[in-house]
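Note that the structure is predicted; figures quoted are calculated from it, not measured.
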Amino acid sequence: MANEFTLFSDAFFLEAERHAAWGAAQLRALTSFLPEGSWAADLETCRYQQGGPQGEVELRVGLLGSFDTDELTWMWGWAHPGLQGTEVVALTGALARYGRVYGIPELTLPVLDLSGLADPRHAAELLAFVGMGVADAPGYIGVPAGPGSQVYFLPDDPRVPRPALDPITLPRHLIDGASLIGHAPREVVTGYFDHHGAPWETAADGRIVAELPDGSAAEVEFDELGRIAGVRATARP
């Protein structure tokens, strides 16, 4: 999949991989939490509403960015005219600072031209995904904002459920996460454990061994190409 995004930097890919496993699980949790239906947002009060006759949810959000489907450009929330310094873009302002510190140019440029990529819309989703990950947000919400525009919000609300690390679902989450981008499976694994606060180390044979919250240990093996070859959780004696 990485070939679709050849204009992105290696630093950006590595950051994306760090959030791939937990981020994919988090997006599924957010999708299940939000009711289907129309949406409305008030940027001044950082409020987002979504739902219909079966119920409605109101969340506090930040403006992550927007994708111009005609010009094929992505604009970060902090770069939107008239919003600089406002509360609704505080989270994305932090992304720009993170990008400068860690050398990720995609997070520091106000507008990114995606027209040279094979799938610009998919690239916009990846930018939103990385923004979610860096902000440690419980997902992102992408909705159409009119002809030629897609707008993205970051939930900033404790009511959004956050999946915990579960030894039973751990293998599926790691393998699914590693398949999203396919650039650096080890970053997927260590990023997942870091996100959940599970201490880990690299064994002499290259395995990654982590201590899980329930007291068990997780071992992740890799093949000669660096791909995940096996995941198992074992109870400590």
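Qualifying side chain to side chain donor-acceptor pair (under 3.5 Å) partners for His196, counting only residues two or more places apart in sequence or in other chains: none. In this structure, Arg121 has no salt bridge (charged side-chain N to carboxylate O under 4.0 Å, His left out) partners at least two apart in sequence or on a different chain. Shown here are the side-chain contact (heavy atoms from CB on, under 4.5 Å) partners of Pro213, two or more places apart in sequence or in another chain: Leu165. In this view, Asp223 and Arg227 satisfy the salt bridge (charged side-chain N to carboxylate O under 4.0 Å, His left out) rule, not counting sequence neighbours. Scored by the side chain to side chain donor-acceptor pair (under 3.5 Å) test, Ser115 finds Asp113 as partners (sequence neighbours excluded). The ring-ring contact (aromatic ring centres under 6.0 Å, His included) check on Phe67 picks up nothing, with sequence neighbours excluded. Partners of Glu125 according to the side chain to side chain donor-acceptor pair (under 3.5 Å) rule, which considers only residues two or more places apart in sequence or in another chain, are Tyr140, Tyr152. Listed by chain and number, the residues in a side-chain contact (heavy atoms from CB on, under 4.5 Å) with Tyr98 are Glu15, Tyr102, Ile104, Leu107, Val134 (sequence neighbours excluded). Every residue meeting the side-chain contact (heavy atoms from CB on, under 4.5 Å) condition with Arg207, not counting sequence neighbours, appears here in chain and number order: Ala203, Asp205, Val209, Glu219, Glu221. With sequence neighbours left out, the side chain to side chain donor-acceptor pair (under 3.5 Å) criterion links Trp200 to Asp194.
The hydrophobic clustering, which links ILVMFWY residues whose side-chain heavy atoms are closer than 4.5 Å, places Val188 and Val220 apart. Val189 and Leu14 fall into different hydrophobic clusters, defined by Ile, Leu, Val, Met, Phe, Trp and Tyr side-chain heavy atoms under 4.5 Å apart, directly or through other members. Cluster membership for Met75 and Leu91, using ILVMFWY side-chain heavy atoms within less than 4.5 angstrom, is not shared. Both Val160 and Val57 belong to a common hydrophobic cluster when Ile, Leu, Val, Met, Phe, Trp and Tyr are linked at side-chain heavy-atom distances under 4.5 angstrom. Both Leu72 and Phe12 are members of a single hydrophobic cluster when ILVMFWY side chains are connected at heavy-atom separations under 4.5 Å.
Under the 3.5 Å distance criterion, the side-chain polar atoms of Ser216 are left unmatched by any main-chain donor or acceptor of Leu212.
You'll find the side chain of Leu63 stays beyond 4.5 Å of the side chain of Thr86, heavy atoms only. Side-chain atoms of Tyr192 and Ile208, non-hydrogen and from C-beta on, never get closer than 4.5 Å to each other. Counting only heavy atoms from C-beta outward, the side chains of Phe8 and Val130 never approach each other to under 4.5 Å. Contact of the Leu43 side chain with the Phe153 side chain is registered, since non-hydrogen atoms from C-beta on lie closer than 4.5 Å. In this structure, the side chains of Phe193 and Pro199 stay at 4.5 Å or more apart for every pair of heavy atoms. Residues Ile141 and Pro155 meet the side-chain proximity criterion, which asks for heavy atoms closer than 4.5 Å. Side-chain contact between Met132 and Leu154 is present, with at least one heavy-atom pair separated by less than 4.5 Å.
The distance from the CG atom of Leu83 to the OG1 atom of Thr92 is 9.0 Å, given to the nearest 0.5 Å.
Pairing each heavy atom of Gly206 with each of Arg186, the nearest pair is O-NH2, 2.6 Å. Pro163 approaches Ala29 most closely through the heavy-atom pair CG-CB, 3.7 Å. Of all heavy-atom pairs between Leu126 and Ala16, the closest is CD1-CB, 4.2 Å. Minimum interatomic distance between His80 and Ser66 (heavy atoms only, all atoms of both residues): NE2-OG, 2.9 Å.
Atom CD of Glu56 has more than 12 neighbouring heavy atoms from other residues, nucleotides or ligands inside a 6.0 Å radius. The local environment of CG in Leu225 is crowded, with over 12 non-hydrogen atoms from other residues, nucleotides or ligands closer than 6.0 Å.
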Pair Ile228-Phe222, side-chain contact (heavy atoms from CB on, under 4.5 Å): steps then yes or no: CA-CA 4 Å; Ile228 294 176; Phe222 301 86; 3.9 Å; yes
Test side-chain contact (heavy atoms from CB on, under 4.5 Å) on Trp76 and Leu64; report intermediate values, then the result. CA-CA 6 Å; Trp76 290 108; Leu64 175 58; 3.7 Å; yes
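Applying the side-chain hydrogen bond (donor to acceptor under 3.5 Å, both in side chains) test to residues at least two apart or on different chains, the pairs with a partner in residues 21-36 are His19-Trp22. Within the structure, the salt bridge (Lys or Arg N to Asp or Glu O under 4.0 Å) test picks out the following pairs touching residues 154-175 (sequence neighbours left out): Arg60-Asp156, Asp136-Arg162, Asp157-Arg159.
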